[in-house]
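Data block below; observations after.
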Amino acid sequence: MEQDLLTWLNGRTFHHACVTLGIGDDAAILAPRPGFETIVTTDMLMDRVDFLWGTHDPALIGRKCLAVNLSDLAAMAAKPFAAFVSLALPRSMSFEDAQRLMQGILELAKEFQVELAGGDTNTHDGPLVVNVVAMGETPHGRAWLRSGAKPGDRLVVTGPLGGSLKAKQFSFSPRVREALQWRELAEVHAAIDISDGFCLDLSRLLSASGCGALVREVDIPISDDAFAMSSAGSGKTPLEHALGDGEDFELILALPPSVARILIDHAQHNGLQVRDVGVVTQSNEILLTKASGEVEPLPAIGYLHRLST
Ligand SMILES: [Mg+2]
């Protein structure tokens with residue numbers, strides 16, 4: 001299968017100038033631009049954890065496997081340029097399905113001008129596992145980290161949250177273009193992408209920054225799918241979906257108030273729903289101002305990856 005896939009891939013990937021030598025040799029050669037740093041991320045997605053093989057379209061599965069990695073690069077304000085894809089394919093998988101999986105990856109890679117620069121393919125008796133390594137670049141010292149939030153910073157979220165299980169987990173567009181624009185427009189102190197849930201990922205950003213926050217419940221952007229899942233009997237309120245569902249792949253940014261205003265206006269102008277949801281505080285608590293005016297600890301809900309169940 002590997003040789004057939006390589007033959008099929010030949011000529012189908014976007015070519016990026018930072019990749020001197022791509023697929024076809026023992027290793028790739030990358031030539032980062034002078035004055036830039038290389039940002040590297042990896043994410044491994046597995047059947048029955050991150051997607052359902054046999055239920056979801058293989059092309060959408062492939063797309064998601066790359067998109068989650070591009071979202072991590074967006075959270076660092078990095079411009080993606082190369083990806084490496086390793087597949088553990090079930091023996092029962094047809095060549096056509098493997099092609100379709102790769103097609104989903106290639107299409108998104110082309111959209112974001114990413115070269116598929118290498119990888120590996122194995123077949124085994126287990127389920128489908130896809131590991132992607134993605135690389136991007138930022139001008140030296142300009143990457144956004146989780147650790148830079150300061151008391152007084154506004155917290156903004158780049159889109160509606162919750163209910164991504166319905167569709168958005170496969171259709172979301174990683175916030176790469178927005179992050180690159182905002183990197184030039186505004187002084188962002190800290191950033192993270194929402195993979196495991198707003199509350200959990202916000203707590204990660206704040207704990208890396210040594211800060212707390214006061215979040216306003218009425219300002220949490222709730223997606224239509226969060227409302228739909230709730231009214232279909234999920235057992236959660238729309239707000240609970242928005243706070244804890246995960247796989248929204250929106251960004252949480254911490255930035256000075258004047259800058260937050262500029263960014264929100266810019267986003268609105270471009271048809272994007274960026275919302276100011278609260279403020280970074282000096283305490284180490286994350287608090288939620290309820291619609292009623294009461295203040296209580298923000299529930300620490302989200303998706304935790306466990307070693308055993
Ligand atoms: Mg992340």
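Atoms considered below: every heavy atom in the structure, side chains included; atoms not considered: hydrogens, waters and symmetry mates. Both counts, for ligands and for their atoms, begin at 1 and track the order of listing.
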Against the six-membered ring of Phe170, is Lys64 placed for a cation-pi contact (under 6.0 Å from the centre, within 45° of the normal)?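 Judged by the rule (NZ or CZ under 6.0 Å from the ring centre, within 45° of its axis), Lys64 counts as positioned above Phe170.
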
Which residues share a salt bridge (Lys or Arg N to Asp or Glu O under 4.0 Å) with Asp265, sequence neighbours left out: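 Asp265 satisfies salt bridge (Lys or Arg N to Asp or Glu O under 4.0 Å) with Arg261 only.
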
May I have all residue pairs that pass ring pair (Phe, Tyr, Trp, His ring centres under 6.0 Å) and include part of residues 205-255, sequence neighbours excluded?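 Those involving residues 205-255 are Phe172-Phe249.
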
Indicate whether any N or O donor in one side chain lies under 3.5 Å from an N or O acceptor in the other, for Thr42 and Asn131.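 Looking only at side-chain atoms, Asn131 and Thr42 do form a donor-acceptor pair, the distance falling under 3.5 Å.
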
Provide the full list of salt bridge (Lys or Arg N to Asp or Glu O under 4.0 Å) pairs with a residue in residues 19-36, sequence neighbours left out, each pair given once.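 Sorted pair list: Arg33-Glu137.
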
Would you please indicate if the ring centroids of Phe51 and His56 are separated by under 6.0 Å?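 Phe51 vs His56: aromatic centres not under 6.0 Å.
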
Among protein atoms, how many N/O/S atoms lie less than 2.8 Å from the Mg ion (ligand 1)?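 Count of protein N, O, S atoms less than 2.8 Å from the Mg ion (ligand 1): 2.
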
